[in-house]
Visitor: 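What follows is a structure written as structure tokens; I'll ask about it next.
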Amino acid sequence: MKSRSTKAIYWAGVILTSLWFGTSGVCELTKNPLVWDITLQLGYPAHFIYILGVAKISGVLVLLTPNKLLKLKEWVFAGIFFDITFAFFSKLSVLGFAATVDAIIAFAMVSVTYVMFRKLYPQATATVATAN
């Protein structure tokens, strides 16, 4: 895949991920009833919802920063994958499989975005060799 298509797919994924998780973060911070009701129904405490909202907004800001904060972006992707994984299994156990569709779509979207990130920025995960 050419660098130009990789960049286009990466930035499309970043924008969609940012819209998805940014909206979710704002809804969590503004106590949107739809988001809060489902999250509380899943058994999470109220203070956790605020923390999640702040983390999502912070992660979106990092993702939207071009060509910088590459190590931090790795952590953001990890956090997003944790969020999606916990959402999937929480919804599966409490609400049933039909409620997990959004988590499955998010997982696919973020996975493709992360693969493009690794292609564009291989140095983001490069390790430094140490001399003995």
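For the single chain, residues carry numbers from 1 onward in sequence order. Just the heavy atoms: all of them, side chains too, but no hydrogens, waters or symmetry mates, feed the values below.
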Visitor: With distance as the sole test, does Lys73 use its side chain to make a donor-acceptor pair with the main-chain N or O of Gly59 at under 3.5 Å?
Guide: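 No, because the side chain of Lys73 does not come within donor-acceptor range (under 3.5 Å) of the backbone of Gly59.
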
Visitor: Does one hydrophobic cluster hold both Val115 and Leu70, with members joined at side-chain heavy-atom distances below 4.5 Å?
Guide: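 Yes.
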
Visitor: Determine whether Ile51 and Tyr44 satisfy the following criterion, side-chain contact (heavy atoms from CB on, under 4.5 Å), listing intermediate values before the conclusion.
Guide: CA-CA 11 Å; Ile51 294 168; Tyr44 293 103; over 6 Å; no

Visitor: Would the number of heavy atoms belonging to other residues, nucleotides or ligands and lying under 6.0 Å from OH of Tyr121 be above 12?
Guide: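 Buried by this count: over 12 neighbours within 6.0 Å.
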
Visitor: Find out if a path of hydrophobic residues (ILVMFWY) with successive side-chain heavy-atom gaps under 4.5 Å connects Leu42 to Val35.
Guide: no

Visitor: Grouping I, L, V, M, F, W and Y whenever their side-chain heavy atoms are under 4.5 Å apart, do Leu40 and Leu29 come out in a common cluster?
Guide: yes

Visitor: Minimum heavy-atom separation for Gly25 to Ile57, with atom names?
Guide: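 Shortest heavy-atom contact: C-CD1, 4.0 Å.
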
Visitor: Who pairs with Ser18 by side chain to side chain contact (heavy atoms under 4.5 Å, CB included), at least two apart in sequence or on another chain?
Guide: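 Val14, Val60, Leu63, Leu64.
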
Visitor: Does anything in residues 75-87 form a side chain to side chain donor-acceptor pair (under 3.5 Å)? List the pairs, not counting sequence neighbours.
Guide: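 For residues 75-87: none.
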
Visitor: Working to the nearest 0.5 Å, report the span between CH2 of Trp36 and CD1 of Ile38.
Guide: 13.5 Å

Visitor: What verdict does the side-chain contact (heavy atoms from CB on, under 4.5 Å) test give for Ile104 and Val101, after you've listed the backbone C-alpha separation in whole Å, the side-chain angles of each residue and the deciding distance to 0.1 Å?
Guide: CA-CA 5 Å; Ile104 294 168; Val101 172; 5.5 Å; no

Visitor: Report yes if the side chains of Val76 and Phe21 come closer than 4.5 Å at any heavy-atom pair, otherwise no.
Guide: no

Visitor: Tell me whether the count of non-hydrogen atoms from other residues, nucleotides or ligands lying under 6.0 Å of CZ in Phe86 goes above 12.
Guide: no

Visitor: Parallel, tilted or perpendicular, judged at 30° and 60°: which one describes the rings of Tyr114 and Phe81?
Guide: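 Rings of Tyr114 and Phe81: perpendicular, as their planes differ by over 60°.
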
Visitor: Any chance you could measure Thr17, atom OG1, to Met109, atom CE, to the nearest 0.5 Å?
Guide: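 The distance works out to 3.5 Å.
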
Visitor: What residues, two or more places apart in sequence or in another chain, satisfy side chain to side chain contact (heavy atoms under 4.5 Å, CB included) together with Gln41?
Guide: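 Here the qualifying residues are Leu95.
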
Visitor: Ile84, Ile49: one ILVMFWY side-chain cluster at the under-4.5 Å cut-off?
Guide: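 No; tracing contacts between hydrophobic side chains, which count when under 4.5 Å, never links both residues.
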
Visitor: Report whether Trp20 and Val26 are members of the same hydrophobic cluster (ILVMFWY, side-chain heavy atoms less than 4.5 Å apart, transitive linking).
Guide: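 No, no single cluster joins them.
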
Visitor: List, by chain and then residue number, the residues other than Ile15 in its hydrophobic cluster (Ile/Leu/Val/Met/Phe/Trp/Tyr, side-chain heavy atoms under 4.5 Å); write none if there are no others.
Guide: Leu19

Visitor: Could you state the interatomic distance from OG (Ser111) to CE (Met116), rounded to the nearest 0.5 Å?
Guide: 11.0 Å

Visitor: Would you compute the distance between atom CD of Glu74 and atom CG of Leu72 and round it to the nearest 0.5 angstrom?
Guide: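 Going from CD on Glu74 over to CG on Leu72, the span is 10.5 Å.
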
Visitor: Suppose the criterion is salt bridge (Lys or Arg N to Asp or Glu O under 4.0 Å): which pairs have a residue in residues 16-38, not counting sequence neighbours?
Guide: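 Residue pairs with at least one partner in residues 16-38: Glu28-Lys56.
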
Visitor: Show the nearest heavy-atom pair for residues Thr113 and Gly13, with the distance to one decimal.
Guide: OG1-CA, 3.1 Å

Visitor: List in chain and number order the residues that pass side chain to side chain contact (heavy atoms under 4.5 Å, CB included) with Leu92, two or more places apart in sequence or in another chain; answer none if no residue qualifies.
Guide: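 Checked Leu92 against side chain to side chain contact (heavy atoms under 4.5 Å, CB included); matches are Phe88, Phe89, Phe97, Thr100.
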
Visitor: Atom OG1 in Thr39, atom CZ in Phe48: separation rounded to 0.5 Å?
Guide: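 If I round to the nearest 0.5 Å, the distance is 8.5 Å.
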
